[in-house]
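This one's a predicted model, so the numbers in the text were calculated from it and none came from an experiment.
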Amino acid sequence: TSTKPQPSSLKRKGKKLVKTETTSSESNDVCTGMKSKKDRSIAKKIKSEDYVVKQESDSEANKGSVEEDEEDQWWLSESLENQSCNWETLEHNGVCFPPAYVPHGVKLKYKGMDIDLPPEAEELATFFAGVIGSQYESNPIFVNNFFNELKRSLENTPYGKLVVNFEDCDFSPIFEYIQQLREQKKNRTKEEKLEEKKANDALVERYGYCLLDGKKEKIGNFRVEPPGLFRGRGQHPKMGSLKAFVPEDITLNLGYAAPVPQAPEGHAWGNIICDPSVTWLATWHDSISGNAKYVFLSMSSKLKGMSDLKKYEKARELKSCVASIRKKIEAELLDDAMPVKQRATAIWLIDRLALRAGNEKGEDEADTVGCCSLRVEHISFQIKPDPENRKQKQYFIIFDFLGKDSIRYYNEVAVPKVIFQNLKTFATSAKKQRHDPLFEDLNSSMVNKYLNGLMPGLSAKVFRTYNASYTFQQELQNTPAVGTMSEKILAYNRANRQVAVLCNHQKTVSKSHSAVMDRLHVRLKVIKAERRYIKRELESRNCKSLSSSSSSNEESGVSSSGEDCVKSEVKSEVKSEAKSEVKSEEENGDSLDSSQESDSLKKIHTYSTEKLVKKLEVLGGRILTLKNNILDKDENKQTALGTSKLNYIDPRITVAWCKKYDVPLEKLFSKTLREKFKWATSVEQCWTF
DNA sequence: TTCATAACTTAGAAGGCTATTC
DNA sequence: GAATAGCCTTCTAAGTTATGAA
């Protein structure tokens, strides 16, 4: 009999322990003889909890004893040292398979002829009909790859030689069928929706959680990716190819004593291993790239939380030594050796522009670059006179390239002369062509190796985290000491936006953006107009009280005093403003409904003066909030704030800021974010990055 | 040293859900 | 109560980095 391998013997990659596959029903006994005392006690606990872990509601989860809560607060006790072993026991129910394809029988038309497709081809055609209306439909790479797949699926059928031209294919019957299904889905009854929710909840209950060292943890992506046409970003050469689902390719990672879950009917797991040196629960291969895909724990889990905390602590460590690192890099910019000069210049860009490292990419991937993989064609040079001192020159580099996800990076940057000269040398040396690499003596692993020598654990991406968090903290200093909630949140979002701009996090402007902005402007005008009506009403009441003593003067149009002059001036100004307001509303076609207008006017006349003054205050507040809202929205139309909030900004900065400015955390972090950053919520308001 | 790749983080899009508006 | 907007979550593509083998 073998003895249970200790985790330390499993830490090296490639030395994974392969378990003998057993099903849940025969499970627990198989390894009994190998269990340690601790394992046995955990196995018992797991059994008593019925293994299939139940989803707790928020309130139920919070009912745990103080002892349990403290146990959950790993950040108070766990060491952040690198550990070769991520867990001692791990149990889960495997992964959730996508439903098998059910043929619908709707025909493809080819040259007007009905084609009765075999199931595989029909599934492919249905995948394609699913992208009709999207940008992929008209993308020649996508269409070509898809059509090759379709032809391949028809090779050994009577249609193999008939279906040869994509242009002769008519997918509209299948498209219409899909639309019908979508419509049906939209029009589901309450009962149907409830039924579906129940079924989904059951899946989440079965597959959505695992037991890691006896503690229930949420799993991130327990559903295996369903088959479909690959939707690569940018000009990906493989887009439109079939991304297959191969059930037998799935490997599960389970604790040594854990029961092996039953594979779905008719299938078997590809492999079962026990490797506590990794955090994934299941893996398979992507049929397009051959790359591994994994099932990991959710971001609210202890393992992910620890990894996050480590990341930010590493960035803080960089903060403490960034000055000396920069000094060293600046000296190396002038080094005679080309590899050193190139490395220093690249690191300067990674640090100051928050560029990604930039690994080399393959032929079968989209042509995107990062710092080390920049090519001559991606930068241009410009020298301008310094506007403040015409005798001085300003040196500019214009960056224009496609970065991660084929998002364009365009930036005109004023740089020190030495950076300008270095880049110019790199771009023009050895008769380089446009498509040649700018840093031919450099790659990302050389940069990282060097950085690691300057500070243990330092790599290119730590600069991005450090600069993002540091910038955010600095920008937050612009928060008004005294301000309304909306002003504070605007300040927060502005700081967030600075970071998003630095990291070049973009989103496509929504189709409805301009319409939404128009509507907000109209709403603002309406409120302003209402405020003016009230002001006018108050003015006239004031005047009436005055006029009782000087009505003759007013009637004759002659003011008895300078004060009256001013009042009438204000009055006429308000009148004309209100008029122009209404006029511009009419021009926009969005004026107040006339009945509404007169209603609100009527009401205003019946209100007491005190009530009107109060209403005036309320409207003032509303106008301010709306103005901030408009500003925020417009500045934000193209910038995605979420990515930096999720991955780059140390959440402790937000927590401390919220405490300092008395802003509820819920205003800034969604439920998932609060769960993810549980470890950050206990910091004091004086905490700094 | 180079190459391949395992294992993880980071990323935008899509679609669902919910609050708001009419 | 329906329509709409926008927030939030899910999905999975696309990066980075460390490590082992050749």
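- A:E365 comes within contact range of no nucleotide atom at all, as no heavy-atom separation falls under 4.0 Å.
- If you check B:dA6, C:dT16, C:dA14 against the side chain of A:D405, the one that comes closest is C:dA14.
- In this structure a side-chain-to-backbone donor-acceptor pair under 3.5 Å is present from A:N647 to A:T643.
- Side-chain contact check for A:L646 versus A:K676: some heavy-atom pair is nearer than 4.5 Å.
- A distance-only check finds a donor-acceptor pair linking the side chain of A:E149 to the backbone of A:L242 [under 3.5 Å].
- Distances from the side chain of A:N647 to the nucleotides B:dC8, B:dT10, C:dT12 place B:dT10 closest.
- Residue contacts shown for A:R182 are absent, as no nucleic acid heavy atom lies under 4.0 Å away.
- For C:dT17, neither phosphate oxygen OP1 nor OP2 lies less than 4.0 angstrom from any side-chain nitrogen or oxygen of A:S444.
- Residue contacts shown for A:S445 are absent, as no nucleic acid heavy atom lies under 4.0 Å away.
- Comparing atom distances between the A:D286 side chain and each of C:dA13, B:dA7, C:dC8 picks out C:dA13 as nearest.
- No engagement by A:G220 is indicated, since no non-hydrogen atom pair under 4.0 Å with the nucleic acid exists.
- Nucleic acid contact for A:T283: none, since no nucleic acid atom lies under 4.0 Å from a heavy atom of the residue.
- Contacts between residues 447-461 of chain A and DNA chain B, counted as heavy-atom distances below 4.0 Å, involve A:K461.
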Q | Base-pairing string, 5' to 3', of DNA chain B - Watson-Crick or wobble, under 3.5 Å, | interstrand | A | ||||||||||||||||||||||
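- Listed by residue number, the members of residues 224-243 of chain A with any heavy atom below 4.0 angstrom from DNA chain C are A:E225, A:P226, A:F230, A:R231, A:G232, A:R233, A:H236, A:K243.
- A side-chain N or O of A:N359 and one of A:S444 form a donor-acceptor pair less than 3.5 Å apart.
- Using a 4.0 Å heavy-atom cutoff across all strands shown, A:S307 reaches sugar-phosphate atoms only and no base atom.
- At a threshold of 4.0 angstrom between heavy atoms, the contacts of A:K185 are confined to the sugar-phosphate backbone, with no base atom among them.
- Heavy atoms of A:G290 sit nowhere under 4.0 angstrom from any nucleic acid atom.
- Electrostatic pairing of A:D201 and A:K198 does not count as a salt bridge here, judged by no charged N lying under 4.0 Å from a carboxylate O.
- Applying the 3.5 Å distance criterion, the base of B:dT10 shares a donor-acceptor pair with the side chain of A:K404.
- A:T279 comes within contact range of the sugar-phosphate backbone alone, with a heavy-atom separation under 4.0 Å but no base atom that close.
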